[in-house]
S.K.: 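A single structure is presented below for examination.
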Number of protein chains: 2
Amino acid sequence: MASEAGDDGLDDRYLVQPVLKAMQVLQLVCEALEPVSLNQIVRDAALPKTTVFRYLRTLAMLGFVEHDPEADRYRPGIGLWRLSHASSPYETLRQACKPSMKRLRQRFNETINLGVLSGGEVVYLDVLESERSLRMQSSVGATDPLHCTALGKVFLAFRPPAQRAMLIPPVLPRLTRNTITDPAALIEQLDIIRTTGYAIEMGENEEGSYCIAAPILDHQGIAIAAMSLSAPITRFDEGARQAICAGLISAGGEISRIIRGEPPALTNEATRAA
Amino acid sequence: MASEAGDDGLDDRYLVQPVLKAMQVLQLVCEALEPVSLNQIVRDAALPKTTVFRYLRTLAMLGFVEHDPEADRYRPGIGLWRLSHASSPYETLRQACKPSMKRLRQRFNETINLGVLSGGEVVYLDVLESERSLRMQSSVGATDPLHCTALGKVFLAFRPPAQRAMLIPPVLPRLTRNTITDPAALIEQLDIIRTTGYAIEMGENEEGSYCIAAPILDHQGIAIAAMSLSAPITRFDEGARQAICAGLISAGGEISRIIRGEPPALTNEATRAA
DNA sequence: CCATTCGGTTCCTCCTGAAGGAACGTGCCT
DNA sequence: AGGCACGTTCCTTCAGGAGGAACCGAATGG
């Protein structure tokens with residue numbers, strides 16, 4: 001297990017350049033809002049034209065990009081989509097959580113998020129937005145730091161101390177006035193979270209918003225995902241908090257059980273309340 | 001616009017081997033049902049161990065695979081998932097069609113499919129299975145030929161003749177007794193399909209099943225996607241056919257309008273019937 | 001307790017084949 | 001007509017990808 005610093009091994013020693021560059025090109029094609037031309041990619045990627053040309057051809061043959069012969073534009077192909085759907089645990093998870101998330105949104109009419117931990121960050125797998133005009137919005141695929149989000153705290157809390165330590169950098173960047181920047185204070189909070197079963201964040205990531213999250217646990221009690229509710233801090237209210245926590249925790253528990261292929265659980269919770 | 005044969009240019013001249021091989025490795029990781037070890041991939045990919053090792057490291061750095069240090073296993077990472085969700089037209093389309101598809105399934109209690117045309121094949125973007133025990137099932141990401149599926153016929157029918165010609169191979173492989181193997185006969189049928197607005201297939205792809213499909217059209221009247229209903233041929237019934245066709249066509253039209261950002265249309269069709 | 005094996009990692013050399021400059025053809029705009 | 005912009009092709013060079021072989025650590029078994 002190589003590794004050089006405390007983080008996990010990045011080892012630029014064994015990286016294959018062509019693959020790296022080709023993926024950079026693929027990313028540019030995928031992130032563009034509309035089909036792009038060869039030259040646009042050349043500009044953005046800062047790679048020689050010939051090189052980009054070859055990559056695009058290769059990616060096209062693989063079905064990762066599609067080439068529109070009319071306008072000589074490239075756009076994302078189904079190849080990627082198919083790969084990411086082939087046995088992808090993420091799609092499965094998202095599917096599994098959808099019903100609970102819908103129920104939660106309906107019940108509280110606030111934005112419900114589903115996130116996983118990856119690369120030391122929270123990655124949003126799904127977001128169901130509230131229907132109110134003032135609402136929290138983030139987008140699928142976006143990321144946020146661990147230390148200042150409710151989801152992130154859940155991931156840290158429900159994780160073996162060894163791994164947890166690697167995920168908490170010695171200096172926690174301050175995003176708002178409320179951001180916890182002291183690792184010791186954070187770790188202290190994690191113990192509480194593990195006890196109570198939910199995490200809360202009040203304007204620590206973004207001024208004026210709060211977020212409550214509960215874990216989805218695997219059989220070892222490690223959080224493989226988490227669901228959260230986020231809303232403007234002005235709508236925060238102690239009464240609602242109780243209900244929200246209970247709702248998130250029970251939904252999370254429900255899904256945990258499904259994930260582990262366990263008993264479908266008694267049908268007393270996670271009901272289609274209104 | 002290179003191209004050599006009548007098909008579209010595959011030009012193995014400009015292909016970058018490392019990218020090809022790395023994607024092969026990625027595919028193996030993604031298609032595996034559970035995390036795989038380095039050696040398993042080496043076996044399956046028939047590539048030298050060192051080479052696979054380097055690719056895995058590179059892919060891991062990009063987040064396309066994830067490396068579990070405990071068991072030294074590789075599994076698909078979120079990188080792929082994120083890319084395929086970044087502005088992917090496919091996810092958007094799938095999202096947009098979901099409600100209509102649900103309504104159709106509920107109304108007819110048969111399997112409803114959503115497909116796009118890609119690489120000269122039908123690719124299934126979504127499948128909602130009927131709840132009956134005897135039902136058609138295919139899976140998201142799978143493919144089928146054009147000439148023997150209702151979806152495929154729709155794609156051919158609603159497409160400029162020039163492109164259509166390129167998509168119909170001179171010899172149509174026979175899959176069942178009913179498969180149309182004469183290109184002329186197929187083309188003849190396409191004219192009817194374009195007139196009536198739906199395509200039907202009776203045991204031409206698989207013995208004992210039928211399928212009815214209607215297009216989702218862009219502003220040029222080209223089918224960018226299509227929805228279909230498939231069921232055992234034993235449940236086919238002329239009365240139902242009428243209703244199914246009408247339902248598919250109106251749902252398709254509805255989505256076409258949404259896609260084009262057009263008026264939300266009068267709310268007389270695609271109602272939540274039961 | 002040592003021997004053996006197996007999987008992952010590292011090293012090193014060879015030579016492929018990726019890179020990228022430059023030239024070419026084409027269509028569009030001026 | 002002339003000139004740009006863009007995609008494609010050609011050709012040369014040498015970086016760096018390939019892969020054999022050796023190394024290491026853990027698990028297995030005698």
Side-chain angles (χ1 to χ4, degrees), chain A residues 1-5 7-26 28-29 32 34-62 64-75 162, chain B residues 1-5 7-26 28-29 32 34-62 64-75 77:
Chain A
M1 253 141 283
S3 85
E4 346 204 279
D7 265 21
D8 66 346
L10 26 151
D11 259 348
D12 35 312
R13 187 170 22 158
Y14 293 115
L15 298 182
V16 181
Q17 298 306 324
V19 177
L20 247 30
K21 293 189 219 159
M23 292 305 107
Q24 185 192 349
V25 168
L26 178 58
L28 287 169
V29 173
E34 43 183 37
V36 285
S37 72
L38 172 64
N39 273 350
Q40 290 172 57
I41 300 173
V42 167
R43 272 189 288 277
D44 294 351
L47 291 169
K49 190 162 42 163
T50 321
T51 302
V52 174
F53 177 67
R54 265 193 303 254
Y55 288 155
L56 284 173
R57 282 286 244 264
T58 308
L59 292 170
M61 131 136 327
L62 292 163
F64 286 179
V65 304
E66 259 169 39
H67 180 234
D68 173 8
E70 312 292 331
D72 258 316
R73 294 282 142 107
Y74 294 88
R75 49 173 204 281
Chain B
M1 250 139 283
S3 85
E4 346 203 280
D7 265 19
D8 66 344
L10 25 150
D11 260 349
D12 37 309
R13 186 171 24 159
Y14 293 115
L15 297 181
V16 181
Q17 298 306 324
V19 177
L20 248 29
K21 293 189 220 160
M23 292 305 105
Q24 185 193 348
V25 169
L26 178 57
L28 286 169
V29 173
E34 43 183 35
V36 285
S37 72
L38 172 64
N39 273 348
Q40 291 172 58
I41 300 173
V42 167
R43 272 188 289 277
D44 293 351
L47 290 170
K49 188 158 51 158
T50 322
T51 303
V52 174
F53 176 67
R54 266 192 303 253
Y55 288 154
L56 283 173
R57 281 288 243 263
T58 308
L59 292 170
M61 133 135 324
L62 292 163
F64 286 179
V65 304
E66 259 169 40
H67 181 233
D68 173 9
E70 311 295 330
D72 258 315
R73 293 283 142 106
Y74 293 89
R75 52 184 194 314

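Since the model is a prediction, treat every value here as computed from it, not as a measurement. Naming: A, B, ... by sequence-line order, numbering from 1 per chain.
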S.K.: Restricting to nitrogen or oxygen on both sides, can you table the protein-nucleotides 25-30 of chain C pairs closer than 3.5 Å?
M.R.:
none

S.K.: Determine, stepwise, if the pair A/V36 / A/L28 fulfils side chain to side chain contact (heavy atoms under 4.5 Å, CB included).
M.R.: CA-CA 9 Å; A/V36 285; A/L28 287 169; over 6 Å; no
S.K.: Show your working on side chain to side chain contact (heavy atoms under 4.5 Å, CB included) between A/Q24 and A/L47 and close with a plain yes or no.
M.R.: CA-CA 10 Å; A/Q24 185 192 349; A/L47 291 169; 4.1 Å; yes
S.K.: Pick out the pairs of N or O atoms, protein on one side and nucleotides 5-7 of chain C on the other, that lie under 3.5 Å.
M.R.:
unit_1	atom_1	unit_2	atom_2	d
C/dG7	OP2	B/N39	ND2	3.3
C/dG7	O5'	B/N39	ND2	2.8

S.K.: Apply the test side chain to side chain contact (heavy atoms under 4.5 Å, CB included) to residues B/T58 and B/M61: give CA-CA distance (whole Å), side-chain angles for both, the deciding distance (0.1 Å), then the verdict.
M.R.: CA-CA 5 Å; B/T58 308; B/M61 133 135 324; 5.7 Å; no
S.K.: Quick one: ring pair (Phe, Tyr, Trp, His ring centres under 6.0 Å) partners of B/F64, sequence neighbours excluded?
M.R.: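 Partners of B/F64 under the ring pair (Phe, Tyr, Trp, His ring centres under 6.0 Å) test: none.
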S.K.: Tabulate protein N/O versus nucleotide N/O from nucleotides 24-26 of chain D, keeping only pairs under 3.5 Å, one per line.
M.R.:
none

S.K.: Sort and list the pairs that fulfil side-chain hydrogen bond (donor to acceptor under 3.5 Å, both in side chains) and have at least one residue in residues 37-51 of chain B, not counting sequence neighbours.
M.R.: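 Only B/S37-B/Q40 qualify under side-chain hydrogen bond (donor to acceptor under 3.5 Å, both in side chains).
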S.K.: Run the side chain to side chain donor-acceptor pair (under 3.5 Å) test against A/R73 and tell me which residues pass, sequence neighbours left out.
M.R.: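 So A/R73 forms no side chain to side chain donor-acceptor pair (under 3.5 Å) with any residue.
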S.K.: What are the atom names and distances for every N/O pair under 3.5 Å that joins the protein to nucleotides 11-17 of chain C?
M.R.:
none

S.K.: C/dA18 phosphate, OP1 or OP2: any side-chain N/O from A/Y55 under 4.0 angstrom?
M.R.: no
S.K.: Test of understanding: with side chain to side chain donor-acceptor pair (under 3.5 Å), list the residues that count as partners of B/E66, not counting sequence neighbours.
M.R.: A/Y90, A/S118, B/R75
S.K.: What bend angle does the helix from C/dC1-D/dG30 to C/dT30-D/dA1 show across its length, from five-pair end axes and to the nearest 10 degrees?
M.R.: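 Result, rounded to 10 degrees: 30°.
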S.K.: Could you check A/K21 against A/A71 and say which one's nearest nucleotide on DNA chain D is further toward the 5' end?
M.R.: A/A71
S.K.: Output all residues satisfying side chain to side chain donor-acceptor pair (under 3.5 Å) with A/R54, sequence neighbours left out; order by chain, then residue number.
M.R.: none
S.K.: Of the listed nucleotides (C/dT9, D/dT8, D/dA18), which one gets closest to any side-chain atom of B/R57?
M.R.: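 Shortest atom-to-atom distance from the side chain points to C/dT9.
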